[in-house]
Colleague: 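Input: one structure, supplied below.
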Amino acid sequence: LEGFEEYEHQYGTAGLQEAATMNLIKSFVDGKTLTPEATYICKSMLSIARNIDIQNSKGREISRNMTSLLTWFQELKELYPEAPQLDEDVQSFLTEARA
């Protein structure tokens with residue numbers, strides 16, 4: 001993922017939450033151009049995920065960090081709202097009407 005190379009090389013092997021978060025980010029931003037704000041959110045998510053992995057390895061409670069991770073992802077989704085999907089029949093009708 002462009003601009004995130006330091007996360008892939010800085011600490012070697014990512015923990016489970018960090019790897020899952022990186023995959024989520026890659027999937028979510030596919031085909032999108034990240035704004036500086038979105039990049040900040042994604043990098044914050046990765047930092048929180050790394051902390052979750054560290055806390056899990058020490059048997060510590062992670063609910064606050066999980067809440068923060070979810071909140072950041074919701075913020076990211078607000079920056080890139082999903083386009084509504086039309087029913088196939090409606091889409092066909094609109095396509096024919098435009099022709």
Side-chain angles (χ1 to χ4, degrees):
L1 187 59
E2 187 176 331
F4 290 79
E5 295 82 8
E6 69 269 19
Y7 286 93
E8 295 175 358
H9 303 293
Q10 185 177 17
Y11 294 102
T13 305
L16 295 174
Q17 189 65 47
E18 184 180 356
T21 302
M22 179 60 88
N23 287 334
L24 174 70
I25 290 169
K26 284 180 181 179
S27 173
F28 185 81
V29 304
D30 186 38
K32 297 174 177 81
T33 301
L34 290 179
T35 64
E37 183 180 8
T39 300
Y40 174 80
I41 289 170
C42 291
K43 289 184 177 187
S44 295
M45 289 171 61
L46 288 169
S47 292
I48 293 167
R50 182 172 296 138
N51 286 334
I52 290 169
D53 287 330
I54 291 168
Q55 289 172 327
N56 269 334
S57 71
K58 295 179 180 181
R60 294 197 178 141
E61 193 273 326
I62 62 167
S63 64
R64 278 187 259 149
N65 277 335
M66 288 299 290
T67 300
S68 294
L69 186 58
L70 175 60
T71 300
W72 277 121
F73 185 60
Q74 290 169 337
E75 289 285 326
L76 185 63
K77 288 174 70 172
E78 286 181 21
L79 289 177
Y80 300 94
E82 290 184 30
Q85 299 296 317
L86 295 177
D87 178 70
E88 287 182 31
D89 292 334
V90 173
Q91 184 62 46
S92 293
F93 176 76
L94 290 173
T95 302
E96 288 175 18
R98 288 183 189 142

Colleague: Does Leu79 CG have over 12 foreign heavy atoms under 6.0 Å away?
Modeller: yes
Colleague: Test of understanding: with side chain to side chain contact (heavy atoms under 4.5 Å, CB included), list the residues that count as partners of Asn56, not counting sequence neighbours.
Modeller: Ile52, Ile62
Colleague: Roughly how far, to the nearest 0.5 Å, is CG of Leu69 from CZ of Arg64?
Modeller: 15.0 Å
Colleague: Taking a hydrophobic cluster as the set of Ile, Leu, Val, Met, Phe, Trp and Tyr residues connected by side-chain heavy atoms closer than 4.5 Å, whether directly or through intermediates, do Ile54 and Met66 fall within one such cluster?
Modeller: no
Colleague: Give the C-alpha distance, both sets of side-chain angles, the deciding distance and a yes or no for side chain to side chain contact (heavy atoms under 4.5 Å, CB included) between Ile41 and Met45.
Modeller: CA-CA 6 Å; Ile41 289 170; Met45 289 171 61; 4.0 Å; yes
Colleague: For residues 20-39, which residue pairs pass the ring pair (Phe, Tyr, Trp, His ring centres under 6.0 Å) check, not counting sequence neighbours?
Modeller: Phe28-Phe73
Colleague: Decide if atom NZ of Lys32 counts as having more than 12 heavy atoms of other residues, nucleotides or ligands within a radius under 6.0 Å.
Modeller: yes
Colleague: Give the cluster check for Leu70 versus Leu16: same hydrophobic cluster or not, with ILVMFWY residues linked at side-chain heavy-atom distances below 4.5 Å.
Modeller: no
Colleague: Ignoring hydrogens, what is the shortest heavy-atom contact between Leu46 and Glu18? Give both atom names and the distance.
Modeller: CD2-O, 4.0 Å
Colleague: Of all the heavy-atom pairs spanning Cys42 and Leu76, show the shortest one and how long it is.
Modeller: SG-CD2, 3.8 Å
Colleague: List in chain and number order the residues that pass side-chain hydrogen bond (donor to acceptor under 3.5 Å, both in side chains) with Glu78, two or more places apart in sequence or in another chain; answer none if no residue qualifies.
Modeller: none
Colleague: State, to 0.1 Å, how close Thr21 and Ala49 come at their nearest heavy-atom pair, and which atoms those are.
Modeller: OG1-CB, 3.4 Å
Colleague: Got a sec, which residues hit ring pair (Phe, Tyr, Trp, His ring centres under 6.0 Å) with Tyr40, two or more places apart in sequence or on another chain?
Modeller: Trp72
Colleague: Working to the nearest 0.5 angstrom, can you tell me the gap between Gln17 CD and Ile48 CD1?
Modeller: 10.5 Å
Colleague: Ser63: which residues meet the side-chain hydrogen bond (donor to acceptor under 3.5 Å, both in side chains) condition with it, sequence neighbours left out?
Modeller: Glu61
Colleague: Go through the structure and list residues passing side-chain hydrogen bond (donor to acceptor under 3.5 Å, both in side chains) with Gln55, not counting sequence neighbours.
Modeller: Asn65
